[in-house]
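In what follows, a single structure is set out as structure tokens and then discussed.
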Amino acid sequence: TLTQSTRPQRLLNAVQKNATRGDPRSVVKAIDDFCRHKEWAMNVGDEKGCILDSVVSEINPAAVLELGTYCGYSTVRIARLLPPHAKLITLEFNPDFAAIARQVIAWAGLEEKVQLVEGASGDWIPKMKEQFGITTFDLVFLDHWKDRYLPDTKLMEECGLLRKGSVLLADNVICPGTPDYLEYIRSSPRYESRYFKSHLEYTKVEDGLEKSVFKG
Ligand SMILES: Nc1ncnc2c1ncn2[C@@H]1O[C@H](Cn2cc(CNC(=O)c3cc([N+](=O)[O-])cc(O)c3O)nn2)[C@@H](O)[C@H]1O
Ligand SMILES: [Mg+2]
């Protein structure tokens, strides 16, 4: 019987068909082409992706946490810019998406830099230190369920995973929107925040990234 493919499976097929193994840039391009011309998907995309690239390059992080892997687009975008020995831990709740993301990350040749963990952020954040030998994260990219941004940020604070200078970069603060997170992070004296205006991936709808530096 013909198995119904899912959008993530069709996205992976597009990567395997159009991208060169071991070439992260071509994997990013293949996904953007697929999402712009074939099927929209909730990757951070090329426009916001350039802002993400500039923040990653500016920080040159040794330890990165990504919340919400989905198909691994932003995982590849970030990991391709990391210095040698740097580590990116990415949390994905949905096992089907995690399975696709692992193959996308492998196609890009970035398995060494990426640790994909299946499970809920709320369960795993308290285990980061003991399980992965993490002291603090230099950069956290928030792109998972929008109602988890705020509780997970408070959890990272409580677990001592942020240090003076740690950067939180949050996707979708306008669309779909994360009002409680924005209110908290912009009014807290413990963060210095800045909004990078952009558009929802592959559309003309306004969206943006909120970059927040933890003051310790
Ligand atoms: N607590 C969690 N822990 C670990 N993974 C999680 C958690 N919540 C969601 N995820 C995973 O993120 C992946 C992707 N995802 C992201 C979202 C939330 N993001 C969006 O809903 C979104 C929606 C739009 N949109 O609707 O236009 C645009 C975007 O850029 C988005 O990130 N929901 N699932 C999914 O595989 C899910 O299992
Ligand atoms: Mg997003």
Side-chain angles (χ1 to χ4, degrees), residues 5-12 28 31-32 34-36 38-53 55-56 64-78 88-105 114-128 131-132 134 137 139-159 161 168-182 185 195-212:
S5 73
T6 64
R7 178 170 307 177
Q9 278 168 335
R10 294 191 293 271
L11 182 149
L12 172 62
V28 168
I31 296 173
D32 283 329
F34 176 78
C35 292
R36 190 172 289 284
K38 297 282 189 328
E39 299 185 60
W40 185 92
M42 58 182 162
N43 317 115
V44 73
D46 44 1
E47 190 181 326
K48 289 184 288 179
C50 287
I51 301 167
L52 172 61
D53 290 355
V55 171
V56 174
V64 183
L65 175 63
E66 177 180 62
L67 300 175
T69 316
Y70 190 37
C71 296
Y73 173 89
S74 47
T75 320
V76 169
R77 260 206 108 108
I78 296 167
L88 164 55
I89 296 175
T90 183
L91 290 186
E92 178 44 61
F93 182 74
N94 177 314
D96 300 328
F97 291 153
I100 297 293
R102 288 189 201 285
Q103 297 173 79
V104 168
I105 294 159
V114 176
Q115 170 114 33
L116 195 160
V117 177
E118 280 183 49
S121 48
D123 299 337
W124 277 99
I125 285 169
K127 297 193 280 191
M128 282 293 144
Q131 294 285 330
F132 305 107
I134 295 285
F137 286 108
L139 171 66
V140 181
F141 181 54
L142 298 93
D143 194 21
H144 57 331
W145 281 321
K146 309 315 164 195
D147 60 4
R148 288 296 314 178
Y149 284 31
L150 182 52
D152 286 343
T153 296
K154 290 180 172 174
L155 196 51
M156 287 187 284
E157 290 172 13
E158 285 153 24
C159 297
L161 287 168
L168 302 187
L169 189 65
D171 190 26
N172 310 116
V173 295
I174 302 301
C175 177
T178 62
D180 59 343
Y181 172 80
L182 271 192
I185 209 88
Y195 173 62
F196 290 78
K197 185 174 180 191
S198 184
H199 295 94
L200 180 68
E201 48 268 27
Y202 319 114
T203 77
K204 293 185 168 40
V205 174
E206 182 181 345
D207 188 22
L209 301 174
E210 187 83 358
K211 178 190 172 196
S212 306

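Counting starts at 1 for both ligands and their atoms, in listed order. Along the sequence shown, residues are numbered consecutively beginning with 1.
- Ligand 1 has no atom lying under 4.0 Å from any heavy atom of Gly122.
- Nearest protein neighbour of atom 5 (N) of ligand 1, counting heavy atoms only, is Phe93 N, 3.0 Å.
- Under 4.0 Å from ligand 1, the heavy atoms of Phe97 that appear belong solely to its side chain.
- Under a 4.0 Å criterion applied to the non-hydrogen atoms of Leu200, ligand 1 contributes the atoms 27 (O), 28 (C).
- A donor-acceptor pair under 3.5 Å is absent between the side-chain atoms of Arg36 and the main chain of Gly45, judged by distance alone.
- The existence of a salt bridge linking Glu92 and Arg102 is excluded, since no basic side-chain nitrogen approaches an acidic carboxylate oxygen closer than 4.0 Å.
- The two residues Ser212 and Ile185 have their closest heavy-atom pair at OG-CG1, 3.4 Å.
- Look at Asn172 and the Mg ion (ligand 2): an N/O/S atom of the residue is under 2.8 Å from the metal.
- Here's the thing with Arg148: none of its N/O atoms is less than 3.5 angstrom from an N/O atom of ligand 1.
- Residue-to-ligand polar distances keep Asn43 apart from ligand 1: every N/O pair is separated by 3.5 Å or more.
- Among Lys48, Glu66, His144, the residue whose heavy atom lies nearest to atom 17 (C) of ligand 1 is His144.
- In the displayed structure, Tyr202 atom OH is contacted under 6.0 Å by more than 12 heavy atoms of other residues, nucleotides or ligands.
- Near Asn172, the atoms of ligand 1 lying under 4.0 angstrom from a non-hydrogen atom of the residue are 28 (C), 29 (C), 30 (O), 31 (C), 32 (O).
- For the pair OD2 of Asp171 and OD1 of Asp143, the angle whose vertex sits at the Mg ion (ligand 2) is 100° to 10 degrees.
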- prompt: So Asp207 and Lys204, salt bridge (Lys or Arg N to Asp or Glu O under 4.0 Å) or not? Walk me through it.
  reply: CA-CA 9 Å; Asp207 188 22; Lys204 293 185 168 40; over 6 Å; no

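- Going from atom CG of Asn172 over to atom CG of Leu142 covers 10.5 Å, rounded to the nearest 0.5 Å.
- Close contacts between ligand 1 and Gly68 involve ligand atoms 12 (O) [criterion: under 4.0 Å to a heavy atom].
- Atom 16 (C) of ligand 1 has Asp143 O, 3.5 Å as its closest protein atom, hydrogens excluded (heavy atom only).
- For ligand 1, the atoms lying closer than 4.0 Å to a non-hydrogen atom of Leu91 are 4 (C), 5 (N).
- By the 3.5 Å distance cut-off applied to N or O atoms, Glu201 is counted among the residues near ligand 1.
- The shortest N or O to N or O distance between Ser121 and ligand 1 is under 3.5 Å.
- Under 4.0 Å from ligand 1, the heavy atoms of Lys146 that appear belong solely to its side chain.
- To the nearest 0.5 Å, the span separating NZ on Lys211 from CD1 on Ile51 amounts to 11.5 Å.
- Interface of Ala120 with ligand 1, defined as ligand atoms under 4.0 Å from a residue heavy atom, comprises 3 (N).
- For atom 23 (C) of ligand 1, the choice among Pro8, Gly177, Ala41, Pro176 with the nearest heavy atom turns out to be Pro176.
- Smallest separation of non-hydrogen atoms from Cys35 and Asn43: SG-OD1, 3.1 Å.
- Shortest contact from atom 34 (N) of ligand 1 to any protein heavy atom: Met42 CE, 3.6 Å.
- Atoms CD and CD1, from Gln115 and Ile134 in turn, are 9.0 Å apart once rounded to the nearest 0.5 Å.
- Atom NZ of Lys38 has 12 or fewer heavy atoms from other residues, nucleotides or ligands within 6.0 Å.
- For the pair Cys175 and ligand 1, no heavy-atom separation below 4.0 Å is found.
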Show, in sequence, the C-alpha distance, side-chain angles and deciding distance for Asp32 and Tyr73, and conclude whether the side chain to side chain donor-acceptor pair (under 3.5 Å) test is met. CA-CA 9 Å; Asp32 283 329; Tyr73 173 89; 2.7 Å; yes

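- Scanning all protein heavy atoms for the shortest distance to atom 9 (C) of ligand 1 gives Trp145 CD2, 3.2 Å.
- Separating the CG atom in Leu67 from the CZ atom in Phe93 is a distance of 13.5 Å, to the nearest 0.5 Å.
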Could you walk me through whether Gln131 and Val117 pass the side-chain contact (heavy atoms from CB on, under 4.5 Å) test, one step at a time? CA-CA 11 Å; Gln131 294 285 330; Val117 177; over 6 Å; no

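- At least one N/O-N/O distance between Glu92 and ligand 1 falls below 3.5 Å.
- Contact annotation: for Asp171 versus ligand 1, heavy atoms closer than 4.0 Å belong to the side chain alone.
- The aromatic rings of His144 and Tyr149 lie parallel to each other, with less than 30° between the two planes, well short of the 60° mark.
- Each of the following atoms of ligand 1 lies closer than 4.0 Å to a heavy atom of Gly119: 3 (N), 4 (C).
- Residue contacts with ligand 1: Tyr202 is excluded, as none of its non-hydrogen atoms falls under 4.0 Å.
- Under a 3.5 Å cut-off, the side chain of Arg77 and the backbone N or O of Val28 do not form any donor-acceptor pair.
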